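So the structure is just underneath, and the comments pick up after that.
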2 protein chains.
Amino acid sequence: MVKQYQSNSKKNKLKYSVTVTLKKNVLDPQGKVVENTLKGKGMNNLKNIRQGKYFEIEVEEQDETKATQTINQMCEKLLVNLIIEDYKISKL
Amino acid sequence: MVKQYQSNSKKNKLKYSVTVTLKKNVLDPQGKVVENTLKGKGMNNLKNIRQGKYFEIEVEEQDETKATQTINQMCEKLLVNLIIEDYKISKL
């Protein structure tokens with residue numbers, strides 16, 4: 001059993017991505033600036049651009065449910081402002 | 001033909017997401033700060049966290065190949081610093 005754990009030690013890490021976006025009705029001034037700049041550079045078919053944050057998180061955990069729980073906690077404790085932002089977790 | 005174009009007018013918008021991440025060997029001080037803060041909050045099974053940028057871009061284009069080209073141009077002109085960053089485009 002111990003041996004198996006050791007040989008599986010690489011599998012103890014799980015990697016997730018988290019994307020944090022502003023809620024639909026929240027103004028995104030940073031995205032607006034990027035939009036205007038790109039239009040100024042001649043990108044006329046640009047319709048809309050919104051900027052968010054992106055995290056790649058590795059956790060030392062074997063159980064996917066537990067890992068997702070941990071990542072949820074991280075988001076709620078620090079990474080995401082739940083009043084104005086939404087987040088999405090995906091397995092990498 | 002014209003009629004069909006009009007009835008498909010909603011399909012003229014294509015939406016993509018772009019994630020921009022620092023290249024593997026580039027130091028990520030911002031991610032390090034987040035990592036230390038999370039560990040200070042008791043997240044001991046956190047192994048590694050890296051921060052990137054995220055964009056949601058809508059373009060007025062029907063052709064997916066052209067749309068992807070446009071988005072590539074945007075990335076290279078403004079959104080991504082190709083010396084230290086990688087980017088990935090996905091259809092939403």
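Please read these numbers as outputs of a predicted model, since none were measured by experiment. Here is the naming used below: chain letters follow the sequence lines, and residue numbers restart at 1 for every chain.
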* Asked: Of all of A/K77, A/M74, A/K41, which one pairs up most often with chain B through heavy atoms under 4.5 Å apart?
  -> A/M74
* Structure fact -> Max heavy-atom pairs within cutoff under 4.5 Å with chain B, candidates A/E35, A/K15, A/E56, goes to A/E56
* **Over 12 non-hydrogen atoms of neighbours within 6.0 angstrom of NZ in A/K47** => no
* Is it true that atom NZ of B/K24 has more than 12 heavy atoms of other residues, nucleotides or ligands lying nearer than 6.0 Å? -> no
Heavy-atom distances under 4.5 Å only: say whether [X] touches chain B with side chain, backbone, both or neither.
| X | value |
| --- | --- |
| A/M43 | side chain |
| A/L78 | side chain |
| A/L79 | side chain |

* To do: Return the option, out of B/N48, B/I57, B/T70, with the maximum number of heavy-atom pairs under 4.5 Å with chain A.
  => B/N48
* For chain A, which of B/I49, B/N44, B/V34, B/V20 has the most heavy-atom pairs under 4.5 Å? -> B/I49
* Check whether B/Q73 gets within reach of chain A through its side chain, its backbone, both or neither, counting any heavy atom under 4.5 Å. => both
* What are the two closest non-hydrogen atoms of B/A67 and B/L14, and how far apart are they? -> CB-CD1, 3.7 Å
* Check whether the side chains of B/E60 and A/N45 place a donor and an acceptor atom closer than 3.5 Å, and report yes or no. => no
* Asked: Any donor-acceptor pair under 3.5 Å linking the side chain of A/K23 with the backbone of A/L82?
  -> yes
* To do: For a side-chain contact (heavy atoms from CB on, under 4.5 Å) with B/Y87, tell me which candidate from B/T19, B/V80, B/N81, B/T21 qualifies.
  => B/V80
